[in-house]
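Here's the structure we're looking at; comments come further down.
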There are 2 protein chains.
Amino acid sequence: MKKVKRTTIYDIAAKLGITASSVSRALNNSNQVNEKTKELIIKTADELNYKRNILASNLRKGHSKTIGVVVPRINQNFFANVIAGIEEATYQKGYNLIICQSGELHDKEIQCVNTLINQDVDCIVISVSADGNDYQHLQNVIDHGIQLIQFDRVAEELETLKVINDNEQASYEAVSHLIESGYKRIALLEGPQNLSIFKQRKVGYLRALKDYNIPVIDELIVENAWTKELGAEGTRKLLTLPQPPDAIFASTSDFSALGVLEVANDMKIKVPAELGVCGYANESFSEITSPSITTIDQFSVYMGNTVANLYFQEKGNTDTTAKPKIISIKPELIIRGSTARNAKV
Amino acid sequence: MKKVKRTTIYDIAAKLGITASSVSRALNNSNQVNEKTKELIIKTADELNYKRNILASNLRKGHSKTIGVVVPRINQNFFANVIAGIEEATYQKGYNLIICQSGELHDKEIQCVNTLINQDVDCIVISVSADGNDYQHLQNVIDHGIQLIQFDRVAEELETLKVINDNEQASYEAVSHLIESGYKRIALLEGPQNLSIFKQRKVGYLRALKDYNIPVIDELIVENAWTKELGAEGTRKLLTLPQPPDAIFASTSDFSALGVLEVANDMKIKVPAELGVCGYANESFSEITSPSITTIDQFSVYMGNTVANLYFQEKGNTDTTAKPKIISIKPELIIRGSTARNAKV
DNA sequence: AAAATTTACGCAATCGATTGCAATTTCAAA
DNA sequence: TTTGAAATTGCAATCGATTGCGTAAATTTT
């Protein structure tokens, strides 16, 4: 590769017999520079194929017009959508995105965050990994004066900007729907309780049962069932119980719900007639399984937009006394085949 | 927000009564510094929560350690996987990724590329959008001395590094499989022919027919059927033909194959007994439809790894006379239910 | 113990752009 | 013709890390 010496503002200055200061000002369209010289400078810059060195510029200015994003996995539908949403909104404003994935590993997450701090990003957007619940690294972001925005999976104890789903309400509605469809023994596949989203979904589940005067049965609550495999495993246990459930709310994900469907199918248990199934996240496949899966849509792309706009809105807001904003997006229950049993009283 | 002044190597130097040079050398693990002082410096750096300012470092060293990625959509399984793969491989080397999406729009793609050039990225990785076939902006990348790597959807006429799938071979194998499974009238749902990947898949289809002495029937080839909706539309036409096909190769995507399944289902045509269906890309849903879809896996995450490693390998390769490398990854045919008909001769 | 090497560290320039402050020029008002 | 204010431009420091060159200190060799 040919390494052509790149032209700098000094080259332009030298050619025109002026100083770099003026060139810099001209190229930043400052009004502190004579219109005619400005034009000349811009023309010359163009002739010399000048490209501003953003590294130097950012170093001097102390910001980077860059937003760092840390998610557990880029290639997971929900996160990919949120990132797409963030990109949409930030691109227009001339911001760039640096993307990192933590792989659900707390240590890697810390590394990612530190990398981003090093990079002098203006803002870090994060959805924390399931592993670990120590948030020193996030406090560190704040201490470095970098705006921190958490979304979806948030560390509640940290006072930062947050964009979340109303998980409890969504969960409440899902379970209510199951009850009103006539299901009576409703099991819950729950996720790691150190993530608040899963805690909230459990709360919604419990609240719905209570409101409908349905007793909570501990053996119907299965811990840590948040992958397809773990969901299947949990389902197998549930369905071989002396008194098996007649509905399963896979509150962790549609993947888990998929595991439920497979086990039910293996055991010749009919969905939705004998078993109601509800998932979470409205993954693209959830509408094409048979039966299709009742689930909850989180408006993930919109969530990404919201995160980005929240950043722009808060930027320059110097009021340090104000409580950090928390935006809650109301998810939507999508009723499909897997719960399509007529209510019987 | 309480903004803590960032600690620099000067702070460390001052605290220890030495110069920044030594600190820098120690932190870069140079052997020009005494082992004991080195340890002390590293310990102190840690205590002061020192983070190297990468902007300054890169400015001095003359590169950005950043790779720009442009894809049509971030939230499309294949691309999300490739990006994840690139991230995996580049993260370890301390490189960052800047991600942009062109939204399949040629103009936005040009904008993205220019932004990345301005950002001083060391390398631009791109999969071109379906819209437009003018590649001046890519030539521009090369002219700026930035490494350009194309993947999957490539502009063939540009001599750059490329990582592609052997689309023709994969397509050939898929069609051969259909033929050997006993299907005789095989239709093709093809994608926009300005993208070489779709052209190659068509070539593979034609070659397979030829090798098995099956005549090519023009009315069985449907143009531009690369979404679920377009796939369904094409299928409806095909299946109402006087002599309908007994198999459909949705060479564009599994989404398109999904459209085929839906129409077949509507028309009470049994898959795979009466109609064989094969998709492309091994989307996650393809194994859970009923019947599951025979498709082609592109090893997308691995493709991302390959792209990244190709960059690192070529970096510093000063031999300008060498032809740019093209790495072809062999996709794998995944046989599932939608083509599970026993061969009859 | 003196001479010859090594080793360790400091000095100062450099990467390129930005910006506060000072100096100069311009132009109009007194 | 002076004076004063405004418009331009220059000077030099700064952002933080890196590195070639030089020298003092430590170590080895004779």
Side-chain angles (χ1 to χ4, degrees), chain A residues 3-42 44-45 48-66 114-115 117-122 144-146, chain B residues 3-42 44-45 48-66 94 117-120 122 144:
Chain A
K3 51 173 177 193
V4 176
K5 175 91 173 55
R6 102 182 256 159
T7 64
T8 71
I9 51 172
Y10 296 100
D11 299 328
I12 299 175
K15 180 156 185 190
L16 297 178
I18 53 177
T19 48
S21 328
S22 298
V23 176
S24 173
R25 283 191 261 259
L27 295 172
N28 283 298
N29 200 27
S30 155
N31 56 347
Q32 284 208 96
V33 84
N34 186 292
E35 272 307 322
K36 280 175 79 174
T37 13
K38 191 190 283 188
E39 272 175 43
L40 185 61
I41 290 171
I42 290 175
T44 312
L48 298 181
N49 193 25
Y50 169 79
K51 293 254 151 52
R52 167 197 270 119
N53 183 324
I54 305 236
L55 287 178
S57 173
N58 288 345
L59 171 61
R60 179 60 228 256
K61 295 215 220 128
H63 70 247
S64 57
K65 273 211 164 194
T66 296
N114 285 335
T115 305
I117 294 176
N118 280 351
Q119 282 284 330
D120 253 338
V121 296
D122 296 339
H144 272 86
I146 297 174
Chain B
K3 181 149 190 169
V4 174
K5 176 94 172 51
R6 219 188 144 114
T7 64
T8 70
I9 51 171
Y10 297 99
D11 300 327
I12 299 175
K15 179 155 187 190
L16 297 178
I18 53 177
T19 48
S21 329
S22 297
V23 177
S24 174
R25 282 191 263 258
L27 295 172
N28 284 297
N29 201 27
S30 156
N31 57 346
Q32 285 206 92
V33 72
N34 186 292
E35 272 307 321
K36 280 174 78 175
T37 15
K38 191 190 283 187
E39 273 174 41
L40 185 62
I41 289 171
I42 291 174
T44 313
L48 297 181
N49 192 24
Y50 168 79
K51 300 248 156 50
R52 169 195 271 123
N53 182 323
I54 306 240
L55 286 178
S57 173
N58 288 346
L59 170 60
R60 179 62 227 256
K61 296 217 217 121
H63 62 248
S64 64
K65 278 209 161 194
T66 297
I117 293 177
N118 271 332
Q119 280 285 325
D120 250 339
D122 294 340
H144 271 88

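The sequence lines fix the lettering, A, B, ..., with proteins before strands; numbering per chain opens at 1.
Rounded to an integer number of Å, the gap from CD of A/Gln32 to P of D/dA6 is 14 Å. For the pair A/Lys36 NZ and C/dT25 P, the computed distance is 18 Å after rounding to whole Å. Going from atom NZ of B/Lys38 over to atom C1' of C/dT7 covers 13 Å, rounded to whole Å. Protein atom CD1 of B/Ile9 is 14 Å distant from nucleotide atom C1' of C/dC15, rounded to whole Å. B/Asn29 has its CG atom 14 Å from the P atom of D/dT19, to the nearest Å. As a whole-Å value, the separation of A/Asn53 CG from D/dA17 C1' is 14 Å. In this structure, A/Arg25 places its CZ atom 12 Å from C1' of D/dA7, rounding to the nearest Å. Straight-line distance from the NZ atom of B/Lys65 to the P atom of D/dT18: 11 Å, rounded to whole Å.
For A/Asp11, the salt bridge (charged side-chain N to carboxylate O under 4.0 Å, His left out) criterion is met by no residue, not counting sequence neighbours. Residues meeting the salt bridge (charged side-chain N to carboxylate O under 4.0 Å, His left out) test with B/Lys51, sequence neighbours left out: none.
Side-chain N/O atoms of B/Asp122 and B/Ser64 include a donor and acceptor closer than 3.5 Å.
In this structure, B/Ile54 reaches neither bases nor backbone, as no heavy-atom distance under 4.0 Å exists between it and the strands shown. Within 4.0 Å (heavy atoms only), B/Asn31 reaches sugar-phosphate atoms of the nucleic acid but no base atom. In this structure, B/Arg52 reaches the sugar-phosphate backbone alone: every heavy-atom distance under 4.0 Å involves primed, P, OP1 or OP2 atoms, never a base. Heavy atoms of A/Thr8 sit under 4.0 angstrom from primed sugar atoms or phosphate atoms, though from no base atom. No contact: B/Leu55 has no heavy atom under 4.0 Å from any strand.
The side chain of B/Asn34 contributes an N or O atom lying less than 4.0 Å from OP1 or OP2 of C/dA8. Side-chain nitrogen and oxygen atoms of A/Ser22 include at least one within less than 4.0 Å of the OP1 or OP2 phosphate oxygen of D/dG10. For the pair B/Ser57 and D/dT18, the criterion of a side-chain N or O lying under 4.0 Å from OP1 or OP2 is met. Between B/Thr37 and C/dC9 there is a side-chain N or O to OP1 or OP2 distance below 4.0 Å. The side chain of B/Asn28 contributes an N or O atom lying less than 4.0 Å from OP1 or OP2 of D/dT18. In terms of phosphate contacts, B/Ser24 brings no side-chain nitrogen or oxygen within less than 4.0 Å of OP1 or OP2 of D/dA17. Look at B/Arg6 and you won't find any side-chain N or O under 4.0 angstrom from OP1 or OP2 of D/dC15.
Taking only distance into account, the side chain of B/Arg60 never meets the base of C/dG16 through a donor-acceptor pair shorter than 3.5 Å.
Nearest approach of B/Arg52 to B/Leu27, heavy atoms of both residues: NH2-O, 3.8 Å.
For B/Ser21, counting side-chain heavy atoms from C-beta on, the closest listed nucleotide (C/dG10, D/dC11, C/dT19) is C/dG10. You'll find that the side chain of A/Ala56 is closest to C/dA17, out of C/dA17, D/dT9, D/dA17. Taking the side chain of A/Val33 as heavy atoms from C-beta on, and the options D/dT9, D/dT18, C/dC9, the nearest nucleotide is D/dT9. Of the candidate nucleotides C/dC9, C/dC11, D/dA17, D/dA17 has the atom lying nearest to any side-chain atom of B/Tyr10.
Salt-bridge check for B/Glu35 with B/Lys38: passed, with a basic side-chain N closer than 4.0 Å to an acidic carboxylate O. Using a cut-off of 4.0 Å between Lys/Arg side-chain N and Asp/Glu carboxylate O, A/Arg6 and B/Asp120 are scored as salt-bridged.
Along DNA chain C, the nucleotide nearest to A/Ala20 and the one nearest to B/Leu59 differ in position, and the one closer to the 5' end is contacted by B/Leu59.
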